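Numbers here simply count residues along the sequence, with the first being 1. This one's a predicted model, so the numbers in the text were calculated from it and none came from an experiment.
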Amino acid sequence: QVQLVESGGGLVPPGGSLRLSCAASTDTFNTLSMAWFRQAPGKEREFVAAIKRIGGTTYDRDSVKGRFTISRVNGKNMAYLQMNRLEPEDTAVYYCAAATGNPITSSLWSASTYTYWGQGTQVTVSS
């Protein structure tokens, strides 16, 4: 069983930055592919970014390219989402997720790929 705990959310004005953190309670963090999803009020949960366990290759949705960066530090069992140039449309609850095995690239965008989820952290972009 893996527990994931997110932190770092908050209220930020448009154009601002936040860094989300995800702490994983496991001795096998380096075997997990990690991702961030978000869910805005009245909308479905959507993929934001992922980083594979092997090689650290990253993937992200078009709307956040060049603004968000996913990273991980295996020695600390941590994953991060650096969010810059935030827009009101980025307002959502952000969830950290972990997948076991080595998911194929095309499956990384699907929430069903991920076995473990955090409780979420609220990000609000507003002036």
Side-chain angles (χ1 to χ4, degrees):
Q1 190 75 9
V2 177
Q3 289 187 325
L4 303 174
V5 179
E6 303 98 333
S7 60
L11 172 65
V12 62
S17 297
L18 282 175
R19 186 196 196 202
L20 304 184
S21 298
C22 174
S25 62
T26 176
D27 293 332
T28 58
F29 182 75
N30 62 348
T31 69
L32 303 173
S33 292
M34 302 297 297
W36 290 91
F37 285 74
R38 66 186 181 187
Q39 188 166 17
K43 295 187 177 181
E44 293 187 354
R45 190 170 298 191
E46 65 180 18
F47 171 83
V48 176
I51 183 166
K52 298 195 80 171
R53 67 170 192 172
I54 297 175
T57 305
T58 63
Y59 308 86
D60 45 42
R61 66 183 301 107
D62 287 346
S63 63
V64 307
K65 284 186 187 298
R67 300 190 299 123
F68 291 10
T69 303
I70 187 172
S71 62
R72 64 190 297 162
V73 179
N74 287 341
K76 294 185 176 182
N77 289 1
M78 296 291 296
Y80 304 96
L81 185 67
Q82 178 66 44
M83 305 186 295
N84 299 326
R85 304 202 312 275
L86 282 159
E87 303 169 354
E89 294 73 23
D90 296 317
T91 294
V93 177
Y94 283 71
Y95 297 90
C96 177
T100 59
N102 188 27
I104 60 174
T105 300
S106 60
S107 70
L108 293 174
W109 279 258
S110 172
S112 64
T113 296
Y114 299 89
T115 305
Y116 305 104
W117 292 83
Q119 81 290 349
T121 185
Q122 176 70 46
V123 172
T124 302
V125 185
S126 175
S127 55

- Message: Tell me whether Met83 shares a hydrophobic cluster with Tyr95, the cluster being built from Ile, Leu, Val, Met, Phe, Trp, Tyr side chains joined at under 4.5 Å.
- Response: no
- Note on the structure: Of all heavy-atom pairs linking Val2 and Ala24, the shortest is CG1-CB, 4.4 Å
- Val12 pairs by side-chain contact (heavy atoms from CB on, under 4.5 Å) with which of Leu86, Thr124, Asp90? Leu86
For residues 13-23, tabulate all N or O donor-acceptor pairs below 3.5 Å that involve a side-chain atom, not counting sequence neighbours.
residue : atom : partner : partner atom : Å
Ser17   : OG   : Asn84   : OD1          : 3.0

- Give the other cluster members for Val73, using side-chain heavy-atom distances under 4.5 Å between Ile, Leu, Val, Met, Phe, Trp and Tyr residues; answer none if it is isolated. Met78, Tyr80
- Query: Would a distance-only check, ignoring hydrogens and angles, find a side-chain to backbone donor-acceptor pair under 3.5 Å from Gln119 to Val5?
  - Reply: no
- Item | Gln3, CD: over 12 other non-hydrogen atoms inside 6.0 angstrom | no
- Query: Is it true that a side-chain atom of Ser110 and a backbone atom of Ser107 form a donor plus acceptor pair closer than 3.5 Å?
  - Reply: no
- Task: For atom NZ of Lys43, decide whether the heavy atoms of other residues, nucleotides or ligands shown that lie under 6.0 angstrom number more than 12.
- Result: no
- Would you check if the side chain of Lys65 reaches a backbone N or O of Asp60 as a donor-acceptor pair within less than 3.5 Å? yes
- Query: Is there a donor-acceptor pair closer than 3.5 Å between any side-chain N or O of Glu6 and the backbone N or O of Gly120?
  - Reply: yes
- Item | Tyr114 side-chain N/O to Leu108 backbone N/O, donor-acceptor pair under 3.5 Å | yes
- Item | Derivation of the side chain to side chain contact (heavy atoms under 4.5 Å, CB included) call for Thr100 and Tyr116 | CA-CA 9 Å; Thr100 59; Tyr116 305 104; 3.9 Å; yes
- Message: Is there a continuous path of hydrophobic side-chain contacts, each under 4.5 Å between heavy atoms, that joins Leu81 to Trp117?
- Response: no
- Item | Non-hydrogen atoms of Leu32 and Ala98 that approach each other most closely | CD1-CB, 4.1 Å
- Message: Please check this pair: side chain of Asn77 against backbone of Thr26, looking for a donor-acceptor N/O pair closer than 3.5 Å.
- Response: yes
- Item | Main-chain N/O of Val125 paired with Thr91 side-chain donor or acceptor, under 3.5 Å | yes
- Query: Between Leu4 and Met34, which heavy-atom pair has the shortest distance, and what is it?
  - Reply: CD2-CE, 4.2 Å
- Item | Spacing of Ile51 atom CD1 and Thr57 atom OG1 [to the nearest 0.5 Å] | 8.0 Å
- Item | Taking every non-hydrogen atom, the tightest pair across Gln122 and Val93 | OE1-CG2, 3.2 Å
- Message: Which heavy atom of Arg67 sits nearest to which heavy atom of Arg85, and what is that distance?
- Response: NH1-O, 2.9 Å
- Task: Output yes when a side-chain donor or acceptor of Arg72 lies under 3.5 Å from a complementary backbone atom of Phe29, and no otherwise.
- Result: yes
- Note on the structure: Taking every heavy atom of Arg38 against every heavy atom of Ser63, the minimum-distance pair comes out as NH2-OG, 3.7 Å
- Check ring-ring contact (aromatic ring centres under 6.0 Å, His included) between Phe47 and all other residues, then give those that pass, not counting sequence neighbours. Phe37, Trp109
